[in-house]
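The structure appears right after this line, and notes come after that.
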Amino acid sequence: MHTEHTHKVIPIQPVPYSRSRQAGESQTVLDQITKDFDDNPKAMQYFYDLFQRVYCHGEEVPHEGMLVGTTCIQAPEELIYAFGATPMRLCNGSYHYDQRGGDFMPAKSCSLVKATLGMLSAEHVIPAIGKPDLIVNPTTCDQKKKSSAMIEGLGYAVFDLEFPNVKESEASRVYWQRAVREFAQRLRTLTGKKLTRKNLKAAIAKIARAQVAFRKLHHFRQLSPSIILGKDAFLVTNAYFFDNIDSWTAAVEKLNEELAQREQDGIRAVQKKAPRVLFTGSPPIFPNLKLPLLIEESGGVVVADETCSSNRMLYDMTAVDEWWLNDMVDSLADKYLKPCTCPIFTKNDDRKRRLLELVNQFQADGVVYQAFAGCQVYEMEYKSVADEFNKAGIPMLYIETDYSPDDKGQMSTRIEAFLESLKAKKKRQA
């Protein structure tokens, strides 16, 4: 299996860039999140301060051992921790980095991939994470696959983690398990450390604690009326990209304690009649939270999501039958393949099932489907998902957008009309 590039890399020359522009974009969105809504949970201050320091002031995030950048949630973080390194998600939501990435990719490419390349090409990276010692790039969508050589051209070491196109067959499972083992070998070469049963078990436990905290937050989002807004939930999960995992988990546990007290005291974040929205499609990544923010500024509330920047990132846990090293690695591989509902697979039955399940669990009144222009997998999957919701009588709004702020006015009009239709439907059913 070919896992690393061997071709000659032509260096890409850095482009002059103003760090303050990206910091200013982040500050604007953070102000919108923290100031435009009343009665934010006090425990959210940890996350507001974190984004202020890292995105707006350029304070570098401390990390232990070597830094391994990841471009997708399909990179097994447990393995990285087991080798004494720190994973750091590199997906970026900045419009300014999106524009910068246009120097390397076609104009109609996905904003997320362009922004990630734009960030990696900058002299001073925001968020301030430092330079990764290795970037692992799972071969999921085609644009991420093709960006691998461009990332190498920017001076980074890249490992292509080969991901199968189907997940139902045993052949695909074996293929993926082999890819994960080769990733472990690459980490051993990078760190000079040996993978041990003890270290891998501890890493699985570290992630599991974070997942337990996330699942509890997930539970609180099911309450109706909502006691936490979607804009805060997205900020919490986006913080997981770069924050120290133990600090993040402790902060989420503290937030959960406050939400439990809010539930007991009858405190709600929205009015009872606020339309409940399930968000899916291309992932909202800070500072590009414009669509979730527009939904909640228009009187709705994002109660759940099916995206790789939030729900899909932490929900599924590792199920280990035998605590021997090879069995643990294979169980880890299964965790990143079997439950995955990414639209890159040839079949999407699991994703449609999961979406309907979330609508029912969270009592969602409707669905907002975001597709970045050029994000082919989400654009192509729209029709089959729309047909599924239509059969179930669930309203859905499809919005094609990118990182530009220019379409906010048009989007706001469409969102307001959609939410009004949801309110009218609820009145008819009352």
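Only heavy atoms go into these numbers, but all of them, side chains included; no hydrogens, no water, no symmetry mates.
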### Task
Mind checking the OG1-CZ spacing from Thr280 to Arg354? Nearest 0.5 Å is all I need.
10.5 Å
### Task
Answer yes or no: is there a donor N or O on one side and an acceptor on the other, between the side chain of Lys272 and the main chain of Pro225, under 3.5 Å?
no
### Query
Would you say the side-chain atoms of Ser310 pair up with the backbone N or O of Thr307, donor to acceptor, closer than 3.5 Å?
no
#### Entry: Gln32 versus Glu297, side-chain donor and acceptor atoms under 3.5 Å
yes
### Task
Tell me, with the steps shown, if Met88 and Val68 meet side-chain contact (heavy atoms from CB on, under 4.5 Å).
CA-CA 6 Å; Met88 197 76 69; Val68 178; over 6 Å; no
### Task
Can you measure from OH (Tyr336) to OG1 (Thr318) and round to the nearest 0.5 angstrom?
6.5 Å
### Task
Indicate yes or no: does Glu388 engage Lys391 in a salt bridge with an N to O separation below 4.0 Å.
yes
### Message
Ignoring hydrogens, what is the shortest heavy-atom contact between Gly366 and Phe418? Give both atom names and the distance.
### Response
CA-CZ, 4.3 Å
### Message
Less than 3.5 Å apart, any donor N or O on the side chain of Asn288 or Ser94 sitting next to an acceptor on the other?
### Response
no
### Query
Looking at Asp350 and Lys167, does any basic side-chain N land under 4.0 Å from a carboxylate oxygen?
yes
### Query
Where is the tightest heavy-atom contact between Ser331 and Val320, given as atom of each residue plus distance?
OG-CA, 3.8 Å
### Query
Are a donor atom and an acceptor atom from the side chains of Asn92 and Thr116 found within less than 3.5 Å of each other?
no
### Query
Cation over ring, Arg89 on Phe242, under 6.0 Å and within 45°?
no
#### Entry: Heavy atoms of other groups near Gln222 CD, more than 12 under 6.0 Å
yes
#### Entry: From Leu337 atom CG to Tyr175 atom OH, the distance as rounded to the nearest 0.5 Å
12.0 Å
### Query
Is a salt bridge present between Glu306 and Arg312, judged by a nitrogen-to-oxygen distance below 4.0 Å?
yes
### Task
Test side-chain contact (heavy atoms from CB on, under 4.5 Å) on Ile80 and Thr86 and set out the steps.
CA-CA 6 Å; Ile80 299 171; Thr86 299; 5.8 Å; no
### Query
When you measure from the centre of the six-membered ring of Tyr97, is the NZ or CZ of Lys114 under 6.0 Å away and within 45° of the axis?
no
### Message
One pair to check against side-chain contact (heavy atoms from CB on, under 4.5 Å): Lys383 and Tyr398. What are the steps and the verdict?
### Response
CA-CA 10 Å; Lys383 176 127 185 357; Tyr398 176 79; over 6 Å; no
## Note on the structure
Between Gln74 and Thr140, the two heavy atoms sitting closest are CG-CG2, 4.1 Å
### Query
Please walk me through it: do Ser111 and Asp402 pass side chain to side chain donor-acceptor pair (under 3.5 Å)?
CA-CA 6 Å; Ser111 287; Asp402 54 25; 5.1 Å; no
### Message
If we count only N and O atoms by modelled type, under 3.5 Å, do the side chains of Tyr382 and Asp387 hold a donor and an acceptor together?
### Response
no
### Message
Could you check whether Gln27 and Gln52, counting side-chain N and O atoms only, form a donor-acceptor pair closer than 3.5 Å?
### Response
yes
### Query
Does the distance from a Lys or Arg side-chain N to an Asp or Glu carboxylate O, for Arg351 and Glu381, drop under 4.0 Å?
yes
### Donor-acceptor under 3.5 Å (Gln363 side chain, Ser224 main chain)
no
### Query
Within the side chain of Ser298, is there an N or O that forms a donor-acceptor pair under 3.5 Å with the backbone of Leu294?
yes
### Message
Measuring from atom CG of Asn165 to atom OG1 of Thr139, what distance do you get when rounded to the nearest 0.5 angstrom?
### Response
7.5 Å
### Task
Could you tell me whether a side-chain N or O of Asn40 sits under 3.5 Å from a main-chain N or O of Thr34, the two making a donor and an acceptor?
yes
### Task
Keeping the roles fixed (side chain from Asp305, backbone from Asn311), state whether a donor-acceptor pair exists under 3.5 Å.
yes
### Query
Out of curiosity, Tyr240 OH to Thr249 OG1, how far, rounded to the nearest 0.5 Å?
7.0 Å
### Residue pair Asp160, Ser148: steps toward the side chain to side chain donor-acceptor pair (under 3.5 Å) verdict
CA-CA 7 Å; Asp160 291 326; Ser148 189; 2.6 Å; yes
### Task
Take Asp49 and Arg53, measure what salt bridge (Lys or Arg N to Asp or Glu O under 4.0 Å) needs, and give me the verdict at the end.
CA-CA 6 Å; Asp49 292 342; Arg53 295 196 313 269; 5.6 Å; no
#### Entry: Salt bridge present between Asp365 and Lys425 (N-O < 4.0 angstrom)
no
### Query
So, does Glu25 use its side chain to make a donor-acceptor pair with the main chain of Tyr95 at under 3.5 Å?
yes
### Summary
Nearest heavy-atom contact between Pro395 and Gly393 is CD-O, 3.7 Å
### Message
Looking at every non-hydrogen atom in both residues, tell me the closest pair between Leu90 and Met119 and how far apart they are.
### Response
O-CE, 3.2 Å
### Query
Yes or no on side-chain contact (heavy atoms from CB on, under 4.5 Å) for Val113 and Lys146, after CA distance, side-chain angles and deciding distance?
CA-CA 10 Å; Val113 181; Lys146 296 302 291 183; over 6 Å; no
### Message
For Phe372 and Tyr378, I'd like to know if the aromatic rings sit close, meaning centre-to-centre distance below 6.0 Å.
### Response
no
### Query
Given side chains that start at C-beta, do those of Ile415 and Val368 come closer than 4.5 Å, heavy atoms only?
no
### Query
Is the centre of the Phe286 ring less than 6.0 Å from the centre of the Phe51 ring?
yes
### Message
Between the side chains of Arg353 and Glu357, is the shortest nitrogen-to-carboxylate-oxygen separation below 4.0 Å, so that they form an ion pair?
### Response
yes
### Query
Any sub-3.5 Å donor-acceptor pair from Trp176's side-chain atoms to Asp334's backbone N or O?
no
### Task
Would you mind checking if Lys216 and Glu253 are paired as a salt bridge, meaning a charged N to carboxylate O distance below 4.0 Å?
no
### Query
Once you round to the nearest 0.5 Å, how far does NZ of Lys144 lie from SG of Cys72?
4.5 Å
#### Entry: Side-chain (Ser169) to main-chain (Ser172) donor-acceptor, under 3.5 angstrom
yes
### Task
For side chain to side chain donor-acceptor pair (under 3.5 Å), just list the numbers for Arg100 and Ser121, CA-CA rounded to whole Å, side-chain angles, deciding distance to a tenth of an Å, and then say yes or no.
CA-CA 8 Å; Arg100 185 186 179 96; Ser121 71; 2.5 Å; yes
### Task
Flag yes if more than 12 heavy atoms outside Met380 fall under 6.0 Å of its CE atom; otherwise flag no.
no
#### Entry: Heavy-atom pair of closest approach, residues Cys308 and Pro283
SG-CG, 3.6 Å
### Query
Do the two ring centres, one from Phe362 and one from His218, sit under 6.0 Å apart?
yes
### Message
Under 6.0 Å between ring centres: does that hold for Phe163 and Phe345?
### Response
yes
### Message
Looking at Gln211 and Asp316, would you say the former's side chain and the latter's main chain have a donor-acceptor pair under 3.5 Å?
### Response
yes
### Query
Would you say Lys254 has more than 12 foreign heavy atoms packed within less than 6.0 Å of its NZ?
no
### Query
Cation over ring, Arg262 on Phe220, under 6.0 Å and within 45°?
no
### Query
Going through the distances and angles, do Tyr156 and Asp133 end up as a side chain to side chain donor-acceptor pair (under 3.5 Å)?
CA-CA 7 Å; Tyr156 295 91; Asp133 298 287; over 6 Å; no
### Query
How about Thr401 and Lys290: does a side-chain donor come under 3.5 Å of a side-chain acceptor?
yes
